[in-house]
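What follows is a single structure, written as structure tokens, with notes after it.
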Amino acid sequence: MKKILAIMEEELKQAFLDCGYEENYAKAVLSNRPDLCEYQCNGAMAAAKAYKKKPIEIASQVAEALSGSKIFSMKEAVMPGFINLKVSEEFAAEYLNQMAGEEKLGLEPVKKPETIMVDYGGANVAKPLHVGHLRSAVIGESIKRMGRFLGHQMIGDVHLGDWGLQMGLIIEELRERKPDLVYFDESYTGEYPTEAPFTISELEEIYPAASAKSKEDERFKERAQNATFRLQNGYKPYRAVWQHIMAVSLADLKKNYANLNVEFDLWKGESDAQPYIPALIDDLVEKGLAYESQGALVVDIAQEGDSKELPPCIVRKSDGAALYATSDLATIIEREKDFHPDRYIYIADKRQELHFTQVFRVAKKAGIVSQEMPMAFLGFGTMNGKDGKPFKTRDGGVMRLEHLIANINEQVFNRIMENRTVSEEEARNTAKIVGLAALKYGDLSNQAAKDYVFDIDRFISFEGNTGPYILYTIVRIKSILNKFAENGGKAESGKILSAASDSEKGLCLLLLRFNDVMETSFAELAPHKICQYIYELSNEFNRFYHDTKILSEEDSDRQASYISLIMLTKDVLTASIGVLGIEAPERM
RNA sequence: GCGUCUGUAGCUCAGUGGAUAGAGCAAUGGCCUCCGGAGCCGUGUGCGUAGGUUCGAUUCCUAUCAGACGCACCA
């Protein structure tokens, strides 16, 4: 379906043309004065100068030309030259009924679906997820789902950190702890065991221990570097250990991401990109892009229009090793080969912006992707504690994501038990759903690029712009619909009549905006706009609910209309939280 | 030093080249024979500062102040 604003603009364009003005002045926007009108057009003021007329004169003419339009119930010109508009109730009802009949609720699937690679998550093998991984996962998942809802083919890749020094550290630490393992027997020639020589909890303990040791013990560090080198050059026993680390760690990561309701299509890692590196380096040198500087191999990234100089991108260290940028470039080569994406979106901490600028530019200069390839970097800010400083545990350490989630679930659980008499088991399950919603919504309702304050009490509150409040509204609608069905009613969609009250009209106006909000949010990579929208929608619904008796309505057509309207509201809310990666429980 | 981002109500956050800048929390007053009161309706305070562009700037530009962050061999 066409967006409501687009339909209005068509009418306005015709009106401007009829009056002898250019059609590009005919732009409709949401009103910023809801007391006066619902939509407005400010084009008359812009046109005034070009046509050397008073704005109000133009506005009056256009308003007059709109008199035949069926979509506006009000069109009036007011000083100094605004054209104030209201949507006709009949038109709105018709639009909403049509929306309700469509799977995507009035959203037009994109005409040319693109293959879009979304790089998010960024987990490291052998290290537990901590709060720093939360934002990338939550925001990325939402971007991916938004794109998918619009009809794009979205490919989410977790892009694991599975190839660095941490692997050598673990191997050396393992050698010290369990020197008898066959992996450390140079003369061993048999098959390696299929069973890993450690559990996930051991692994999670081994890495920090090794990391700490390497900072104090130079020789240990050297051995770890050497082990890393041998691993990367295909030394079989270490490859076998590495396989074990990967298997054990991946199983745990998958479990943790699943708990977050975050799903990746690809579980690729830096290791997968390694085979492409030698050819990449050769190519960069051959094309004359890479040159030696202070022993390292670098690529300049200057381009026309730069107001200042950007540092070159290092693609090979002076010791010959590859690094972050090399690996990311190689990953792009791999993705081009496997998927030919039309677009790339990276979701990472905003501190990495320079790095991605460098990588994108080198990728284009080297022809790994075309010059026009859209490569977006969505950088997010830090999650801070109430003191405004980066979020830490009480003793100053990094908080594990599992602990954070458990903590939230516990608090939500207590909340539910306080107010409702449900079984403990149901309360546990509900708390999980509501807790996750609180966590995700708390994150997504802020502009991604800004730092934000993580305030658990605020996030789990059932009041205000919070996940639980949105869920509460959905549950409330479900409850009414259930009761309606219990009383023998048959809920049908598409029966919406013209709104008869202010609050009903208000609810309709919000619902009309759904497709526009969804498109805009994706275009701007701004999940918080969806949050803002469903918060307003929830408020409008609760207002409508408050002054409308639905179940005791005697006019059966009117009642059917109310039921259709709240079903549509529920569907819009459910679809919206769906793209945010949030689900609603049946009761709460 | 150079650069990027941010600065809106007591707090946490939205928002816009246009008419009176919005929510929530907190404070405070009201509304239950009624579909979930986890609700609804009220009350008060603000665009860091100074210039510029514009018919009109909180929004765009410049300068300035404050905070966060980034600036070659970490990821």
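Protein chains get the first letters and strands the later ones, always in sequence-line order, with residue 1 at the start of each. What you see is a predicted model; the values in this text were computed from it and never measured.
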With a cut-off of less than 4.0 Å, is there a side-chain N or O of [X] near OP1 or OP2 of [N]?
{"X": "Ser479(A)", "N": "G36(B)", "result": "yes"}
{"X": "Gln447(A)", "N": "G15(B)", "result": "yes"}
{"X": "Arg543(A)", "N": "C41(B)", "result": "yes"}
{"X": "Lys483(A)", "N": "G36(B)", "result": "yes"}
{"X": "Asn465(A)", "N": "A14(B)", "result": "no"}
{"X": "Arg476(A)", "N": "G37(B)", "result": "yes"}

Legend entry - Over-ring placement of Arg335(A) relative to Tyr344(A), 6.0 Å and 45° cut-offs: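 Here Arg335(A) fails the 6.0 Å and 45° test against Tyr344(A).
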Whole-Å distance between [N] [atom2] and [X] [atom1]?
{"X": "Tyr533(A)", "N": "G24(B)", "atom1": "OH", "atom2": "C1'", "result": "20 Å"}
{"X": "His546(A)", "N": "G36(B)", "atom1": "NE2", "atom2": "P", "result": "14 Å"}
{"X": "Asp457(A)", "N": "A26(B)", "atom1": "CG", "atom2": "P", "result": "11 Å"}
{"X": "Phe462(A)", "N": "A38(B)", "atom1": "CZ", "atom2": "P", "result": "10 Å"}
{"X": "Tyr469(A)", "N": "A14(B)", "atom1": "OH", "atom2": "C1'", "result": "16 Å"}
{"X": "Tyr452(A)", "N": "G7(B)", "atom1": "OH", "atom2": "P", "result": "18 Å"}
{"X": "Lys127(A)", "N": "C74(B)", "atom1": "NZ", "atom2": "C1'", "result": "10 Å"}
{"X": "His528(A)", "N": "U6(B)", "atom1": "NE2", "atom2": "C1'", "result": "14 Å"}

Classify [X] by what it touches in the nucleic acid, base, sugar-phosphate, or nothing, heavy-atom distance under 4.0 Å.
{"X": "Ile550(A)", "value": "base"}
{"X": "Leu36(A)", "value": "base"}
{"X": "Lys450(A)", "value": "sugar-phosphate"}
{"X": "Val78(A)", "value": "base"}
{"X": "Asp328(A)", "value": "nothing"}
{"X": "Thr466(A)", "value": "nothing"}
{"X": "Asp455(A)", "value": "nothing"}
{"X": "Asp319(A)", "value": "nothing"}
{"X": "Gln40(A)", "value": "base"}
{"X": "Ala449(A)", "value": "nothing"}
{"X": "Val298(A)", "value": "base"}
{"X": "Thr548(A)", "value": "base"}

Spacing of the [atom1] atoms in [M] and [N] (rounded, Å):
{"N": "C13(B)", "M": "G7(B)", "atom1": "C1'", "result": "13 Å"}
{"N": "A57(B)", "M": "G1(B)", "atom1": "P", "result": "34 Å"}
{"N": "G17(B)", "M": "C69(B)", "atom1": "P", "result": "31 Å"}
{"N": "U45(B)", "M": "C2(B)", "atom1": "C1'", "result": "40 Å"}
{"N": "A9(B)", "M": "G15(B)", "atom1": "C1'", "result": "14 Å"}

Inset, instruction - Tell me whether the centres of the aromatic rings in Tyr472(A) and Phe462(A) are closer together than 6.0 Å. - result: no
Legend entry - Close aromatic pair by centroid cut-off 6.0 Å: Tyr562(A) and Phe544(A):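 Close enough - the centres of the two rings lie under 6.0 Å apart.
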Legend entry - salt bridge (charged side-chain N to carboxylate O under 4.0 Å, His left out) partner of Arg135(A), the single match among Asp451(A), Asp443(A), Asp349(A):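 Among Asp451(A), Asp443(A), Asp349(A), the one meeting salt bridge (charged side-chain N to carboxylate O under 4.0 Å, His left out) with Arg135(A) is Asp443(A).
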Legend entry - Base-pairing assignment for A19(B) (Watson-Crick or G-U wobble, both under 3.5 Å):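 Paired with A19(B), as far as the under-3.5 Å criterion goes, is no nucleotide at all.
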Inset, instruction - Could you work out which one of A72(B), C13(B), A75(B) sits closest to the side chain of Gln352(A)? - result: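 Within the option list, the nearest is A75(B).
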Legend entry - Nearest-nucleotide pick for Lys49(A), side chain only, options being G70(B), A75(B), C55(B): C55(B)
Inset, instruction - Would you please classify the geometry between the Phe459(A) ring and the Phe454(A) ring as parallel, tilted or perpendicular, with 30° and 60° separating the classes? - result: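 Ring orientation of Phe454(A) relative to Phe459(A): perpendicular.
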Inset, instruction - Kindly assign one of parallel, tilted or perpendicular to the pair Phe514(A) and Tyr533(A), based on the angle between their ring planes and the thresholds 30° and 60°. - result: tilted
Legend entry - Basic-acidic side-chain contact under 4.0 Å: Glu540(A), Arg543(A):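 Looking at Glu540(A) and Arg543(A), the cut-off is met.
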Legend entry - NZ/Lys495(A): more than 12 non-hydrogen atoms of other groups inside 6.0 Å: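 Incorrect, the count does not exceed 12.
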Legend entry - Phe82(A) over A19(B), stacked by centroid distance under 5.5 Å, angle under 30°: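 Phe82(A) ring centre within cut-off of A19(B) base, planes near parallel; stacks.
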